[in-house]
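Notes for the one structure printed next.
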Amino acid sequence: MPIHTTGRRLGLTIPLKTVRDKVAGKGHRGVYANIQLTSMVDMFTIMVVFLLQTFSASGELLYIQKDITVPDVNNWRELGVAPLIAIGAEAVTLDGFEVARPADLAAAPDTEWDMPTLEEKLNEAKAMFKVVHPGETFNGEIIVQSDKAVDFKILRRVLFACAKAEYTTVHFAVRGKAGSGPAGTTAPAPAK
């Protein structure tokens, strides 16, 4: 018996009349449908990514890295979406990508303030903002998440690089103390 290529359904290529009749439904419309699984998975992936980007159930937009201890404050405001610079003991990162090492920044002379890698990455983020939001003006917002123990010399160099890349609205990530609220609101009175 020669080898035949199978059709869309394997049952239709079987030469037995009883099997062929059962699969085809004896002349009726078949009950089996081909599902395009790849397209459906792509569609659901796009929907999930869109929903994750659009909604935030907890209101938390930032993930505080485990090696960074942010300061506790009484008055604070909710942070929006902006590029995030994290300054820890081991690395300075922009949106998770390392741009400098704090030990190298601290060892540099006081007269050197430039951070060319950070400036380049911030300029790329600014160009991406203009591509993604073509009708909006660039607002120059940046979020700095710095450890309490970081030397001010390192923080000064990071802020200088932000200013050179035209990121002039700097927000610092902090942790609100228990019982405190956003700036402009009154904290609830303690229960007696």
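For the single chain, residues carry numbers from 1 onward in sequence order. A quick note: this is a predicted structure, and the numbers were derived from the prediction, not measured.
Once rounded to the nearest 0.5 Å, the distance linking CD of Glu120 with CG of Leu94 reads 11.0 Å. Distance OG/Ser146 to CZ/Phe152: 10.5 Å, rounded to 0.5 Å. Atom CD1 of residue Ile87 and atom CG of residue Leu159 lie 7.0 Å apart, to the nearest 0.5 angstrom.
Ile154 and Phe160 fall into different hydrophobic clusters, where Ile, Leu, Val, Met, Phe, Trp and Tyr are joined by side-chain heavy atoms under 4.5 Å apart, directly or via other members. No continuous path of ILVMFWY side-chain contacts below 4.5 Å connects Leu84 to Val150, so the two sit in separate hydrophobic clusters. Both Val92 and Val170 belong to a single network of hydrophobic side chains, linked directly or stepwise wherever heavy atoms of I, L, V, M, F, W or Y lie under 4.5 Å apart. The hydrophobic clustering, which links ILVMFWY residues whose side-chain heavy atoms are closer than 4.5 Å, places Phe138 and Ile85 together. Both Met40 and Met47 are part of a single hydrophobic cluster, where members link through side-chain heavy atoms under 4.5 Å apart.
Open room surrounds CD on Glu166; 12 or fewer heavy atoms of other groups in view lie less than 6.0 Å from it. No more than 12 heavy atoms of other residues, nucleotides or ligands shown are found within 6.0 angstrom of CD on Glu90. Within a 6.0 Å radius of CE in Met43, other residues, nucleotides and ligands contribute more than 12 heavy atoms.
For an aromatic pair to be called close, the ring centres must be under 6.0 Å apart, and Phe129 with Tyr167 fails this.
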Pair Glu119-Leu122, side chain to side chain contact (heavy atoms under 4.5 Å, CB included): steps then yes or no = CA-CA 5 Å; Glu119 290 174 33; Leu122 286 172; 5.8 Å; no
task = Could you check Asp114 against Lys164 for salt bridge (charged side-chain N to carboxylate O under 4.0 Å, His left out), going step by step and ending with a plain yes or no?
result = CA-CA 9 Å; Asp114 289 333; Lys164 282 184 74 175; 3.1 Å; yes
request  = Go through the steps for Phe50 and Thr45 under the test side chain to side chain contact (heavy atoms under 4.5 Å, CB included), then give the verdict.
outcome  = CA-CA 9 Å; Phe50 171 77; Thr45 303; over 6 Å; no
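Residues Leu105 and Lys153 have side chains not in contact (no heavy-atom distance under 4.5 Å, counting atoms from C-beta outward). Side-chain atoms of Val158 and Leu118, non-hydrogen and from C-beta on, do get closer than 4.5 Å to each other.
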